[in-house]
Amino acid sequence: MPTASSSCSNAIQERLAGLIPADVAAAAGAIEAWSDQLFPEEATEVDGAVESRRAAFRAGRAAARAALRALGRPPAPIPRAPERDPVWPAGLVGAITHSRTHSAALVAPADLYLGLGVDLEGAEPLKPQLRRKICRPEDRVDAPLQAIERGKLIFSAKEAVFKAYYPRVRRYLDFLDAVLEIDEASGAFRAEIVNPDSPPLAGLRAFEGRWCVVEGQVLTALCVPAGEGAGA
């Protein structure tokens, strides 16, 4: 596992903890700092992958196990489902992300949260050719933000929404299926699923999350409490 200076006290982990409720466990650190080894059932997921991909995958699983430890849970394998999303130990929900340089994870009891989402991206602007695939007119992609180019924040926040949504609903959510509202003053965002063909998550079609820019990266997080939606 990483040293305290490289992970447990790093700026990304500190900022991530400030974006989520206290009963959600978080861990983050530089990819190069994690020394945990993969469980055999995880290692098969990256057989034949290039080393940079293997390192990012290892770091993501290491961050997830650090979050498990923070919940008082023992280390456990986190393989991938056929659809490639993480399979968490029974009774837990979570999410994993990595940028080119860092990894992060969230974990919480499934009786407290319907889903969790986290995303970490380099803060460079979104490529112009991707805007039409990611941003709806209602997202106001050209409206300026002081902290970051809006397109990249929209991309990251919608990624976090997908990670919270998909494991429970088991339906793909396209970037254009949701509209995003951003409040720069509070560091909050609100996402609403506007595609009528996309089913709600336990009755919910709107979700609130938080974001920040730290260490040259945009970090977004979304925690959906249990009991908020019909049928939860």
Side-chain angles (χ1 to χ4, degrees), residues 12 15-28 60-61 63-64 67-68 70-71 78 80-99 103-121 134 136 139 152-183 186-195 197-212 217-232:
I12 291 176
R15 294 296 298 275
L16 178 58
L19 300 182
I20 60 176
D23 55 1
V24 176
R61 265 48 188 183
L68 287 176
L71 283 182
I78 306 167
R80 289 193 299 204
E83 298 81 8
R84 303 178 66 83
D85 54 308
V87 178
W88 297 92
L92 297 174
V93 293
I96 299 172
T97 187
H98 63 80
S99 65
S103 65
L106 301 178
V107 183
D111 60 346
L112 298 181
Y113 289 90
L114 298 174
L116 305 176
V118 63
D119 190 68
L120 189 62
E121 304 282 345
I134 292 167
R136 295 175 61 98
D139 292 331
K152 180 53 72 74
L153 177 54
I154 292 168
F155 173 82
S156 181
K158 289 187 178 183
E159 281 281 330
V161 170
F162 177 81
K163 290 177 183 180
Y165 175 90
Y166 183 82
R168 185 176 179 97
V169 180
R170 309 311 295 179
R171 286 281 296 273
Y172 182 76
L173 191 68
D174 189 83
F175 287 104
L176 299 180
D177 291 339
V179 169
L180 201 73
E181 297 178 7
I182 298 168
D183 186 331
S186 65
F189 68 85
R190 181 181 185 273
E192 182 178 357
I193 299 172
V194 293
N195 183 349
D197 294 328
S198 297
L201 192 169
L204 296 172
R205 302 191 71 85
F207 312 95
E208 295 182 355
R210 296 186 60 79
W211 64 277
C212 68
Q217 301 181 76
V218 58
L219 176 63
T220 54
L222 174 74
C223 304
V224 186
E228 283 200 351

Residue pair V118, L19: steps toward the side chain to side chain contact (heavy atoms under 4.5 Å, CB included) verdict: CA-CA 10 Å; V118 63; L19 300 182; over 6 Å; no

Between P86 and R61, is there a side-chain heavy-atom distance shorter than 4.5 Å?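 Yes, close enough: below the 4.5 Å cut-off.
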
Do V107 and Y113 touch side chain to side chain, with heavy atoms closer than 4.5 Å?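 Sidechains of Y113 and V107: no contact.
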
On a heavy-atom basis, which atom in [X] and which in [Y] lie closest, and how many Å separate them?
{"X": "A70", "Y": "A25", "value": "CB-CB, 3.9 Å"}
{"X": "L222", "Y": "A160", "value": "CD2-O, 3.9 Å"}
{"X": "R210", "Y": "S186", "value": "NH2-O, 2.9 Å"}
{"X": "A63", "Y": "A105", "value": "C-CB, 3.7 Å"}
{"X": "C223", "Y": "P225", "value": "O-CD, 3.3 Å"}
{"X": "A95", "Y": "K163", "value": "CB-CB, 4.5 Å"}

Tell me which one of F189, W211, F175 satisfies ring-ring contact (aromatic ring centres under 6.0 Å, His included) with F155.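 Testing each of F189, W211, F175 against F155, the sole residue satisfying ring-ring contact (aromatic ring centres under 6.0 Å, His included) is F175.
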
So, taking the atom named [atom1] in [X] and the one named [atom2] in [Y], what distance separates them when rounded to the nearest 0.5 Å?
{"X": "I134", "Y": "D139", "atom1": "CD1", "atom2": "CG", "answer": "10.0 Å"}
{"X": "E192", "Y": "L180", "atom1": "CD", "atom2": "CG", "answer": "11.0 Å"}
{"X": "L16", "Y": "L120", "atom1": "CG", "atom2": "CG", "answer": "9.0 Å"}
{"X": "L153", "Y": "I182", "atom1": "CG", "atom2": "CD1", "answer": "4.0 Å"}
{"X": "D177", "Y": "R136", "atom1": "CG", "atom2": "CZ", "answer": "8.0 Å"}
{"X": "I154", "Y": "E181", "atom1": "CD1", "atom2": "CD", "answer": "11.5 Å"}

As a quick check of understanding, evaluate side chain to side chain contact (heavy atoms under 4.5 Å, CB included) for L112 and D23, giving each step before the final call. CA-CA 9 Å; L112 298 181; D23 55 1; 3.9 Å; yes

Centroid-centroid under 6.0 Å between F162 and Y172 rings: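 Yes; Y172 has its ring centre under 6.0 Å from that of F162.
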
In chain order, what residues pass the side chain to side chain contact (heavy atoms under 4.5 Å, CB included) check against R170, with sequence neighbours excluded?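 So R170 forms a side chain to side chain contact (heavy atoms under 4.5 Å, CB included) with A81, E83, D85, Y166, P167.
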
Ignoring hydrogens and angles, state whether a donor on the side chain of D119 or T220 is under 3.5 Å from an acceptor on the partner side chain.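 Result is no, nothing qualifies.
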
Between the side chains of Q217 and S99, does any donor sit under 3.5 Å from an acceptor?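 The criterion, which ignores hydrogens and geometry beyond distance, is satisfied for S99 and Q217.
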
Please confirm whether the backbone N or O of A178 pairs with a side-chain atom of K158, one donor and one acceptor, at under 3.5 Å?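 Yes: the side chain of K158 pairs with the backbone of A178.
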
I'd like to know if the side chain of R205 reaches the main chain of S198, judged simply by a donor and an acceptor atom lying under 3.5 Å from each other, with no hydrogens or angles considered.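 The answer is yes, because a donor-acceptor pair under 3.5 Å joins these two groups.
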
Do L116 and I20 pass the side chain to side chain contact (heavy atoms under 4.5 Å, CB included) test, and can you show the C-alpha distance, the side-chain angles, and the key distance before you say yes or no? CA-CA 10 Å; L116 305 176; I20 60 176; over 6 Å; no

Give the C-alpha distance, both sets of side-chain angles, the deciding distance and a yes or no for side chain to side chain contact (heavy atoms under 4.5 Å, CB included) between V93 and R168. CA-CA 9 Å; V93 293; R168 185 176 179 97; over 6 Å; no

Over 60° means perpendicular and under 30° means parallel, so classify the ring planes of F207 and Y165, tilted if in between.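 Rings of Y165 and F207: perpendicular, as their planes differ by over 60°.
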
